[in-house]
2 protein chains.
Amino acid sequence: MSSRTTNKTELNVLGDFKPVVPSEYRKSEFVYLANNDPAQNTKIIKEFDRVKFSMCDTIDFWISTKRNDVIKMMGAVDSVVINDEEAKLLTKTHNLIKAAKKIMEWGTRFVVIKKGEHGSLLFYDDVVFPSPAFSLENIVDPTGAGDSFAGGMIGYMASKNSTKLSTIREATVYGNVMGSFAVEKYGIAGLVKLRKSQIQNRFNQYRKMVHF
Amino acid sequence: MSSRTTNKTELNVLGDFKPVVPSEYRKSEFVYLANNDPAQNTKIIKEFDRVKFSMCDTIDFWISTKRNDVIKMMGAVDSVVINDEEAKLLTKTHNLIKAAKKIMEWGTRFVVIKKGEHGSLLFYDDVVFPSPAFSLENIVDPTGAGDSFAGGMIGYMASKNSTKLSTIREATVYGNVMGSFAVEKYGIAGLVKLRKSQIQNRFNQYRKMVHF
């Protein structure tokens, strides 16, 4: 379940979608741009007035069809969150450290590479922070794990109202934790009834799990 | 560089090799059986009088030709150290937690699954301890990484003369550290001139790297 094959992408309603940021959203300080059209994303991020931390993701479809726009978008945010296969495809390299460095050269300060069952790597300056995935014996549906990761990550930063390095490191662990809830059940069933205490418990379990 | 294809295995001098443990080795307390003939390994481990902790590895050739002997060998040691592809091949499952549980059912208490660039998973009781690999930008030659891991692991336990759980967890981190030195240069060049202080420095760097 750790790799995906795209047979065909039909944008459907997203094809002509011209998103406008509702005025009540424009004051948002923590902004995550999901994998929509990169040119649109680059435009949208400018509509936010008070951004403290912005993140974007992308997907193989945009890398293949609008690579230059993807690169521009990545230079317009504070952090890129991307999966390992797409990072390799985008940067044309196999080594994830080299891939992250290349993405950082395009102007973003942080790069998070998601590796599915192998966890994630956070890069900034000359630092790498690897965090293993929360170990699960039964995985039902990996769909949405990456967005749950990104949402958990930026959601934690927003809840702390912080862009400190220590917060960002913890945030990637929350990303792994949220990804683990997402894959345990089909669709969004693992997320919709989740209580904050369950997330906190799993974060604490995670800390115990990796301690040495 | 994270997967290997075996085209052909010729045992050569190992084919008729009947190893005898030299008498001065029989008092060894920490014993690692590398991936030789599993039936031989099971015989050899009995020649040691004072074993405090024993470990074995195996390889696809033995899994394909002597699977039952591999299983018996695994029941005769305290810990199995095996790579992810071989763990899947041996247990006929894709989930590494399930694979480890199956191996534990055969009689060993500890299972370490090595995942190359993704680090390792240590299993015991109902515990999983994942440790990411030490991040390297330039990998020259992955040959011997697994044996360096196992050697680093049991070498650390022997140096501490300890089989405590906390020591075993630290030992798997030393395993990752030694594997990282092994792959940085060609053949054994990354290991032969290594000083203890360099190993300790990298272990300390590792602890800092994974901290959150």
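Residue numbers begin at 1 in each chain, while the letters A, B, ... track the order of the sequences. These numbers were taken from a predicted model, which means no experiment stands behind them.
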_Using a 6.0 Å cut-off, check whether atom NZ of K160(A) has over 12 heavy atoms from anything other than its own residue._
no
_How long is the straight-line distance from OG of S135(A) back to CD1 of I97(B), given to the nearest 0.5 Å?_
4.5 Å
*Check the surroundings of atom NZ in K72(A): do more than 12 heavy atoms from other residues, nucleotides or ligands lie under 6.0 Å from it?*
no
_Counting only heavy atoms not in K88(B) (residues, nucleotides, ligands), do more than 12 fall under 6.0 Å from its NZ?_
yes
*Heavy atoms from other residues, nucleotides or ligands near CD1 of I188(B) exceed 12 (cutoff 6.0 Å)*: no
*Determine whether V210(A) and F212(B) make a side-chain contact, defined as any pair of heavy atoms from C-beta on separated by less than 4.5 Å.*
yes
_Is K115(A) in contact with chain B via its backbone, its side chain, both, or neither, using a 4.5 Å heavy-atom distance?_
side chain
_Heavy-atom pairs under 4.5 Å with chain A, option from R207(B), K98(B), E170(B) with the top count_ = R207(B)
*What residue in R169(B), E137(B), H94(B) has the most heavy-atom pairs under 4.5 Å with chain A?*
E137(B)
*For L122(B), is it the side chain, the backbone, both or neither that has a heavy atom under 4.5 Å from a heavy atom of chain A?*
neither
*Go through A133(B), G119(B), P132(B) and name the one with the most non-hydrogen pairs under 4.5 angstrom from chain A.*
P132(B)
*Please flag which part of S166(B) lies under 4.5 Å from any non-hydrogen atom of chain A: side chain, backbone, both or neither.*
neither
*For N95(B) and L136(A), which heavy atoms make the closest approach, and how far apart are they?*
ND2-O, 3.5 Å
*Among H118(B), K208(B), E117(B), H211(B), who wins on heavy-atom pairs under 4.5 Å with chain A?*
H118(B)
_Part of V173(A) lying under 4.5 Å from any heavy atom of chain B_ = side chain
